[in-house]
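Remarks on the structure that follows.
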Amino acid sequence: MQVIETLAEGLKREIKVVIPAKDMEDKMNARLADVKDKVRINGFRPGKVPAAHLKKVYGKSIMAELVNEIVREQPSAILSSRGEKSATQPEIAMTEDKDEADKILSAQQDFEFTLSYEVLPPIELKSVKGIKVTREVIDISDDEVNEQVLKVAESARSYESKTGKAANGDRVTMDYVGKVDGEAFEGGTDQGAELVIGSGRFIPGFEDQLVGVKAGEEKTITVTFPADYPAKNLAGKDATFDITVKDVAAPGAVEINDELASKLGIESADRLKEIVRGQIESQYGSLTRQKLKRQILDQLDEMYKFDTPASLVDAEYNGIWSQVNNDLAQSGKTFEDEDTTEEKAREEYKTLAERRVRLGLVLSEIGEKAGVEVTEDEMQRAIYDQLRQYPGQEKQILEFFRSQPGAAASIRAPIFEEKVIDHLLTEIDVTDKKVTKEELLAEEEGEAKADTKKAAPKKKAAAKAKAADAGEGEEAAPKKKAAPKKKAADESAE
């Protein structure tokens, strides 16, 4: 077998592989010798089939098997012998000419194929001793815990139907149909919708007009959608909502006690407070972790400058670009609305993709040298977390992970990356800094904007992409009806 390098340009490589027809014929004959005692051909006793007849009947099919085996097994062997790692699966090119293919299968012509791939660049790791980061820590006050517990209590508040008029704080159950210019619009209809007057969940003006309604009453409410409403076809538009009030209920008293805890499936009010405190600590801990990780990544980005495989960058860019366009489509906005152009946005997101790939390669090298591994237990927990997000589809998801090697890799990669960050935190200079809740949140927002300037427009889509770059897992918000609710950002803050 001849292995000839035909291209070595930057990270790009092209290898021509030639296997002489005589070698292919020898392999075929050896394979035929193995099967001659096993085949059954009419007119011949087992093991007595002449070699020429055996070759005539089975020669081409065995050669086809040999070709498939070679193109499946040899690329990795060739790369290994060259001491190279391919950034992606090498592309394999063979003749598409039918006559040439027939000659190869008949051992009348050398078997040739070409490997095209990009090598992973060599990375010489540098000392991380000079990396300095600040870990912001926050003391959680009893007042904050009590405030959150009160919100939990309010969410579990009971309501009792009443016959009088609806007042502020009452819960109204209603059917409604929203219309613009007399035509019902998509997402503007609901049945059995529950709304607590004064909660601020619906667009301005809607809830105020529910004050005074009674069960069984029909009413038309007129409102104006905010100018920055996510659905562009509704933003700034006047709309009417034909509502039918099904029920008006008054709120019960809110008491934080063991009875409330019991309703929530918790043994006591003290235990409820412990759980809430733990959730707050986890939320702030996530913010602290994100900011720490961003500081590390920014400094690694300054330390390492090398060419990145275009195939990896293109794949990362395509993922980012798809997300950006989905976000714009959902919001009904354009690049001009985001104070940029498509050309400029493409350039900036390509830069972001290159950064992600470069940092991914650096973290991979650091982890490999440090012996970082993802355990089977960690993989199982991660897959279980995936299953919990899709109840009723567990079997299909498990089958997907079994049949798609790339699916398991997509689960393993973020776990590995976080473990590398954990390793780095033991090697670098970390200084703790006490901050207030307001400082933590305000600085987080400020840093996100500063980060965004590096490689993306200063708007929502860019912020999401940058958040992912810093490892900020963003939960997918449940899909909400278009109206008359406020912006999704307002609702998620409740």
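Since the structure is predicted, the reported quantities are computational estimates derived from the model, not experimental observations. Residues: numbered from 1 along the sequence shown.
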**Asked** Would you say Glu394 has more than 12 foreign heavy atoms packed within less than 6.0 Å of its CD?
**Response** yes
**Salt-bridge criterion met for Asp26 and Lys22 (N-O under 4.0 Å)** = yes
**Request:** Flag the pair Lys16 and Glu5 as a salt bridge only when some basic side-chain nitrogen lies within less than 4.0 angstrom of an acidic carboxylate oxygen.
**Result:** no
**Message:** Between Gln74 and Val71 (side chain of the first, backbone of the second, donor and acceptor by atom type, cut-off under 3.5 Å), is there such a pair?
**Reply:** no
**Message:** Could you check whether any side-chain heavy atom of Asp429 comes within less than 4.5 Å of a side-chain heavy atom of Val133, counting everything from C-beta outward?
**Reply:** no
**Prompt:** Do the side chain of Asp190 and the main chain of Ala193 share a donor and acceptor less than 3.5 angstrom apart?
**Reply:** no
**Request:** Check Leu361 against Pro309 and note the closest heavy-atom contact, atom names and distance.
**Result:** CD1-CD, 4.0 Å
**Item:** Nearest non-hydrogen partners of Tyr304 and Glu124, listed with the distance
**Value:** CE2-O, 3.6 Å
**Request:** Would you please test Ile70 and Ile19 for side chain to side chain contact (heavy atoms under 4.5 Å, CB included) and show each step?
**Result:** CA-CA 10 Å; Ile70 289 169; Ile19 303 176; 3.6 Å; yes
**Item:** More than 12 heavy atoms from other groups under 6.0 Å of CD on Glu336
**Value:** yes
**Asked** Looking only at heavy atoms, what is the nearest atom pair of Ile411 and Ala382, with distance?
**Response** CG2-CB, 3.4 Å
**Prompt:** Within a strict 4.5 Å, meaning less than it, do heavy atoms of the Tyr117 and Gln89 side chains meet?
**Reply:** no
**Phe306 side chain near Thr308 side chain, heavy-atom distance below 4.5 Å** = yes
**Asked** Do side-chain atoms of Ser127 reach the backbone of Lys129 as a donor and acceptor pair under 3.5 angstrom?
**Response** yes
**Note: Lys433-Glu439 ion pair, threshold 4.0 Å (strictly below)** = no
**Asked** Is the closest basic N to carboxylate O distance between Asp327 and Lys333 below 4.0 Å?
**Response** no
**Message:** To the nearest 0.5 Å, what is the distance between OG on Ser311 and CG on Leu11?
**Reply:** 9.0 Å
**Message:** Is it true that, when you exclude Glu373 itself, more than 12 heavy atoms of the residues, nucleotides or ligands shown sit nearer than 6.0 Å to its CD?
**Reply:** no
**Request:** Taking all non-hydrogen atoms of both residues into account, name the closest pair between Val372 and Phe416 and its distance.
**Result:** O-CE1, 3.4 Å
**Item:** Passing candidate, side-chain contact (heavy atoms from CB on, under 4.5 Å) with Leu424, options Ile131, Val430, Leu300, Leu292
**Value:** Leu300
**Message:** I'd like to know if the side chain of Lys103 and the backbone of Asp99 have a donor-acceptor N/O pair within less than 3.5 Å.
**Reply:** no
**Asked** So, the side chain of Ser286 versus the backbone of Ser282: is there a donor-acceptor pair under 3.5 Å, distance only?
**Response** yes
**Asked** Between Met94 and Ile104, is a side chain to side chain contact (heavy atoms under 4.5 Å, CB included) present by the stated rule, with each step listed?
**Response** CA-CA 11 Å; Met94 297 182 290; Ile104 291 171; over 6 Å; no
**Message:** A cation-pi test, strictly: NZ or CZ of Lys350 under 6.0 Å from the centre of the six-membered ring of Tyr317 and no more than 45 degrees from its axis. Yes or no?
**Reply:** yes
**Asked** Is the backbone of Gly319 close enough, under 3.5 Å, to the side chain of Ser322 for a donor and an acceptor to pair up by distance?
**Response** no
**Message:** Tell me whether the count of non-hydrogen atoms from other residues, nucleotides or ligands lying under 6.0 Å of CG in Asp181 goes above 12.
**Reply:** no
**Prompt:** When you measure from the side chain of Asp110 to the backbone N and O of Val18, does any donor-acceptor pair fall under 3.5 Å?
**Reply:** no
**Request:** Let me see the working for Leu115 and Glu91 under side chain to side chain contact (heavy atoms under 4.5 Å, CB included), right down to the final yes or no.
**Result:** CA-CA 6 Å; Leu115 296 179; Glu91 293 183 8; over 6 Å; no
**Prompt:** Think Lys179 forms a cation-pi with Phe241, using NZ or CZ under 6.0 Å from the six-ring centre and within 45 degrees of its axis?
**Reply:** no
**Prompt:** Do any N or O atoms from the side chain of Thr431 and from the backbone of Thr134 form a donor-acceptor pair under 3.5 angstrom?
**Reply:** no
**Prompt:** So does Lys12 have more than 12 non-hydrogen atoms from other groups sitting under 6.0 Å from NZ?
**Reply:** no
**Asked** Less than 4.0 Å between a side-chain N and a carboxylate O, is that true for Glu399 and Lys395?
**Response** no
**Message:** Check Lys85 with Glu368, please: is the shortest side-chain N to carboxylate O separation under 4.0 Å?
**Reply:** yes
**Request:** Kindly check if the number of other-residue, nucleotide or ligand heavy atoms within 6.0 Å of NZ (Lys126) is above 12?
**Result:** yes
**Prompt:** If you draw a 6.0 Å radius around CD in Glu9, do more than 12 non-hydrogen atoms from other residues or ligands fall strictly inside?
**Reply:** no
**Glu118/Arg13 ion pair, N-O < 4.0 Å** = no
**Asked** So do Glu348 and Lys344 actually touch side chain to side chain, heavy atoms under 4.5 Å?
**Response** yes
**Prompt:** Would you call Leu287 and Leu441 a side-chain contact if the rule is heavy atoms closer than 4.5 Å?
**Reply:** yes
**Item:** Nearest atoms (heavy-atom pairs only) where Lys232 meets Asp337
**Value:** NZ-OD2, 3.1 Å
**Request:** Under the salt bridge (Lys or Arg N to Asp or Glu O under 4.0 Å) rule, what do Glu418 and Lys293 come out as? Steps first, then yes or no, please.
**Result:** CA-CA 9 Å; Glu418 290 305 316; Lys293 186 174 180 180; 2.6 Å; yes
**Request:** Begin with the C-alpha distance, continue with both residues' side-chain angles, and end with the deciding distance and a verdict on side chain to side chain contact (heavy atoms under 4.5 Å, CB included) for Gln396 and Gln393.
**Result:** CA-CA 6 Å; Gln396 298 94 312; Gln393 303 179 48; 4.2 Å; yes
**Item:** Which atom of Ala101 lies closest to which atom of Thr95, heavy atoms considered
**Value:** N-CG2, 4.3 Å
**Asked** Is the closest basic N to carboxylate O distance between Lys60 and Asp102 below 4.0 Å?
**Response** yes
**Asked** Taking Asp175 for the side chain and Gly192 for the main chain, is one N or O donor matched with an acceptor at less than 3.5 Å?
**Response** yes
**Item:** Check against side-chain hydrogen bond (donor to acceptor under 3.5 Å, both in side chains), Gln380 and Glu376
**Value:** CA-CA 6 Å; Gln380 291 298 326; Glu376 193 60 35; 3.3 Å; yes
**Request:** Please examine the side chains of Val17 and Glu112, heavy atoms only from C-beta on, and report whether any two atoms are closer than 4.5 Å.
**Result:** no
**Message:** A side-chain contact here means heavy atoms from C-beta on lying under 4.5 Å apart; do Tyr176 and Thr189 qualify?
**Reply:** no
**Message:** Is it the case that the side chain of Thr351 and the backbone of Glu347 share a donor-acceptor pair, with hydrogens and angles ignored and the cut-off at 3.5 Å?
**Reply:** yes
**Asked** Between Arg356 and Asp301, does a salt bridge (Lys or Arg N to Asp or Glu O under 4.0 Å) hold up when you go through it step by step?
**Response** CA-CA 9 Å; Arg356 286 191 187 179; Asp301 189 38; over 6 Å; no
**Complete:** Distance col, row Lys27:NZ vs Glu65:CD, nearest 0.5 angstrom, shows 14.0 Å
**Asked** Under a 4.0 Å N-O cut-off, is there an ion pair linking Asp422 with Arg289?
**Response** yes
**Residue pair Arg82 / Ile15, side-chain heavy-atom distance below 4.5 Å** = yes
